[in-house]
Amino acid sequence: MIERDRPDTRAWVLHPDLVSEDRRHAADYALDEAVSLAHALPGLTVIGSSIVKLAKPVPATLFGSGKVQELADHFEANEVELVLIDGPLTPKQQRNLEKKWGVKILDRTGLILEIFSDRARTREGVLQVEMAALAYQRTRLVRAWTHLERQRGGLGFVGGPGETQIEADRRAIDEQLTRLRRQLEKVVKTRELHRAARARVPFPIVALVGYTNAGKSTLFNYVTGAEVLAKDMLFATLDPTMRRLRLPDNGPEVILSDTVGFISDLPTQLVAAFRATLEEVLEADLILHVRDISHPESREQKADVEDILGDLGVPEGIPVIEVWNKIDRLEPEMRDVVVRQAAIEGCHPISAVTGEGLDVLLQAVETGLGEGRSTDVITVAYDDGRRRAWLFDQGVVVSETGGEDGHVITVRWSPRQAAKFFSL
């Protein structure tokens with residue numbers, strides 16, 4: 001882990017560009033994003049960055065021997081202390097490169113874990129990051145030890161061979177993971193109680209999702225008056241925040257949820273670890289997908305977000321409104337083109353900084369919440385008072401009459417509420 005008391009750590013960012021791979025993002029933009037990730041971690045000074053083209057990865061060192069030596073000389077000449085490699089490294093590759101270059105190395109997963117560890121504030125977020133970091137370290141114990149001789153059982157004279165140091169460390173990590181998992185389960189149960197209490201209040205949930213640094217928190221702050229950290233920095237927001245919001249013209253009240261930003265090649269450990277945090281998205285009645293329309297790779301970022309939403313298992317019935325943010329950054333001619341294109345695609349161009357377009361967007365939210373609801377007629381048995389009470393608590397009952405088999409109730413509800421009712 002990076003020492004927090006060394007603010008002058010000199011770092012270099014490398015982006016391996018595999019020629020044989022069909023990458024979604026151009027190498028230049030991928031390198032820019034990696035540099036932005038490095039800037040998001042305190043205590044680093046990024047002194048340079050470069051793209052290294054690869055025909056195919058070398059199993060032992062990722063790069064070829066000539067390139068490894070060339071980079072070693074370069075890092076020594078520039079007094080580089082930390083190399084950030086924008087891609088996955090095997091434990092073997094990481095160990096070999098650290099020996100040859102004489103520097104500390106972090107791959108993309110390790111860097112993002114460092115950022116998340118620095119930013120997590122809630123108890124749940126801290127636990128999730130710790131679990132993801134331990135799961136990552138578990139595969140890399142070989143890096144930490146040079147004394148891999150076997151410890152002997154018994155007194156060391158006649159006992160058989162005991163476990164290796166790596167096995168002992170792996171067992172210790174597994175025990176710590178078990179403890180963290182139990183603590184996280186308690187936190188999740190508390191959050192579920194809060195969610196259950198919130199579910200009794202018939203406020204629909206609107207979730208903000210999008211690529212990191214798309215402007216979700218700025219939008220959240222503008223419409224709710226909250227003070228969530230909003231900076232031009234990747235992963236400025238980690239822990240989800242929720243606020244009640246009254247829609248314009250005395251419209252309905254909703255709960256607006258700001259979530260962690262997504263990113264391309266998000267480490268699998270973090271997708272799994274933050275699944276619980278992102279459950280708010282799964283519970284949403286409406287999703288606002290916020291895009292930085294001024295970014296050159298806005299469409300590629302959109303595809304990344306849609307991939308992660310698919311991995312999370314977001315139900316197909318949840319309506320999604322696409323929001324094209326940061327139109328204030330566009331040149332006038334390009335801005336006109338974007339506004340016309342947004343009208344064609346049914347998207348909403350806005351500026352979360354100036355507030356432009358937000359009135360129309362909030363009207364669309366109210367319309368979307370209505371369109372996402374369906375009217376159904378259901379029968380609830382006379383002795384099933386709990387489910388009938390739940391319907392009234394949710395405020396979805398349109399009318400009720402008595403039937404032969406029970407209460408015949410006409411309801412207007414969202415897909416989320418319907419799924420919840422039938423699971424009761």
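Among residues two or more places apart in sequence or in another chain, the ring pair (Phe, Tyr, Trp, His ring centres under 6.0 Å) test is passed with H295 by none. The ring pair (Phe, Tyr, Trp, His ring centres under 6.0 Å) check on Y222 picks up nothing, with sequence neighbours excluded. Under the salt bridge (charged side-chain N to carboxylate O under 4.0 Å, His left out) criterion, E322 pairs with R291, K302, not counting sequence neighbours. In terms of the salt bridge (charged side-chain N to carboxylate O under 4.0 Å, His left out) criterion, D32 has no residue partners (sequence neighbours excluded). In this structure, Y29 has no ring pair (Phe, Tyr, Trp, His ring centres under 6.0 Å) partners at least two apart in sequence or on a different chain. In terms of the side chain to side chain contact (heavy atoms under 4.5 Å, CB included) criterion, residue partners of L391 (sequence neighbours excluded) are, by chain and number, I378, V380, V396, V397, I409, V411, W413, F421. Applying the side chain to side chain contact (heavy atoms under 4.5 Å, CB included) test to V103 and every residue at least two apart in sequence or in another chain returns V83, W101, I105. Looking at residues two or more places apart in sequence or on another chain, you find a side chain to side chain contact (heavy atoms under 4.5 Å, CB included) between T61 and V58, V68, N96, L97, K100. For the salt bridge (charged side-chain N to carboxylate O under 4.0 Å, His left out) test, no residue two or more places apart in sequence or in another chain qualifies with D359. With sequence neighbours excluded, the residues that form a side chain to side chain contact (heavy atoms under 4.5 Å, CB included) with N78 are I47, H74, V80.
Heavy-atom contacts from other residues, nucleotides or ligands closer than 6.0 Å to CD of E175 number more than 12.
Atom CG of residue L286 and atom CG of residue L369 lie 5.0 Å apart, to the nearest 0.5 angstrom. The CG atom of L219 sits 11.5 Å away from the NZ atom of K326 when rounded to the nearest 0.5 Å. To the nearest 0.5 Å, the span separating CG on D174 from CZ on R179 amounts to 11.0 Å. In this structure, the separation between CG on L245 and CD on E253 is 8.5 Å, given to the nearest 0.5 Å. The CG atom of L14 lies 9.0 Å from the NZ atom of K67; values are rounded to the nearest 0.5 Å. Put simply, CD1 on I287 and CD1 on I205 are 11.0 Å apart, with the number rounded to the nearest 0.5 Å.
Counting heavy atoms from C-beta outward, H15 and S49 have side chains that stay 4.5 Å or more apart. Contact of the I112 side chain with the R108 side chain is registered, since non-hydrogen atoms from C-beta on lie closer than 4.5 Å. A 4.5 Å side-chain heavy-atom check between W12 and V46 finds every atom pair outside the cut-off. Two residues are said to be in side-chain contact when any heavy atoms from C-beta on lie closer than 4.5 Å; L361 and L358 meet this criterion. For the pair L18/K56, no side-chain contact is recorded, criterion being any heavy-atom separation below 4.5 Å from C-beta on. The closest side-chain heavy-atom distance from V408 to V377 is below 4.5 Å. Between L288 and V206, the closest side-chain pair of non-hydrogen atoms falls below 4.5 Å. The closest side-chain heavy-atom distance from F75 to E81 is not below 4.5 Å.
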Next on the checklist: Run the side chain to side chain contact (heavy atoms under 4.5 Å, CB included) test on D307 and L309 for me, step by step, so that the C-alpha distance in whole Å, both residues' side-chain angles and the decisive distance to 0.1 Å come before the verdict.
Outcome noted: CA-CA 6 Å; D307 287 347; L309 289 176; over 6 Å; no
Item to check | Stepwise side chain to side chain contact (heavy atoms under 4.5 Å, CB included) test for T45 and T9 | outcome: CA-CA 6 Å; T45 299; T9 298; over 6 Å; no
Next on the checklist: Please evaluate residues R243 and I255 with respect to the criterion side chain to side chain contact (heavy atoms under 4.5 Å, CB included), reporting the C-alpha separation (whole Å), side-chain torsions for both, the decisive distance (0.1 Å), and the verdict.
Outcome noted: CA-CA 6 Å; R243 291 288 187 277; I255 294 176; over 6 Å; no
Checklist entry - Hey, mind stepping through T375 and R412 against side chain to side chain donor-acceptor pair (under 3.5 Å) and telling me if it holds? => result CA-CA 4 Å; T375 302; R412 182 163 176 77; 3.2 Å; yes
Item to check | Candidate pair L424 and W390, rule side chain to side chain contact (heavy atoms under 4.5 Å, CB included), full reasoning | outcome: CA-CA 9 Å; L424 289 174; W390 184 87; 3.7 Å; yes
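Judged by distance alone, with hydrogens and angles left aside, the side-chain atoms of Q94 form no donor-acceptor pair with the main-chain N or O of P91 at under 3.5 Å. Side-chain N or O atoms of S298 include one that pairs as donor or acceptor with a backbone N or O of D292 at under 3.5 Å. Side chain of Y382 to backbone of G403: a donor-acceptor contact under 3.5 angstrom is found.
Here the closest heavy-atom approach between residue N325 and residue G215 is recorded as ND2-CA, 3.6 Å. Minimum heavy-atom separation, V13 to A38: CG2-CB, 4.1 Å. Across all non-hydrogen atoms, the minimal contact from R387 to F422 is NH2-CA, 4.0 Å. Listed here is the closest heavy atom pair of I327 and V338: CG2-CG1, 4.5 Å. Nearest heavy-atom pair, A34 versus D86, reported as atom, atom and distance to 0.1 Å: CB-CG, 3.6 Å. The minimum heavy-atom distance between P16 and L62, with the atom names listed, is CG-CD2, 4.1 Å.
Listed by first then second residue, pairs satisfying salt bridge (Lys or Arg N to Asp or Glu O under 4.0 Å) with a partner in residues 210-224 number zero, not counting sequence neighbours.
A donor atom on one side chain and an acceptor atom on the other are found under 3.5 Å apart for E33 and S264. A donor and an acceptor atom, one from each side chain of T379 and D405, are nowhere located under 3.5 Å apart. Counting only N and O atoms by type, the side chains of H25 and E300 include no donor and acceptor under 3.5 Å apart. Side chain to side chain, T109 and D107 fail the donor-acceptor criterion of an N or O pair below 3.5 Å.
In this structure, E400 pairs ionically with R388, as a charged nitrogen and a carboxylate oxygen lie closer than 4.0 Å.
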Side-chain polar contacts of residues 343-355 - donor-acceptor pairs under 3.5 angstrom, sequence neighbours left out - could you list them?
residue	atom	partner	partner atom	Å
E345	OE2	R299	NH2	3.1
E345	OE2	Q341	NE2	2.7
S351	OG	D328	OD1	2.9
S351	OG	V353	N	3.4
S351	OG	T354	N	3.1
S351	OG	T354	OG1	3.1
T354	OG1	E356	N	3.3

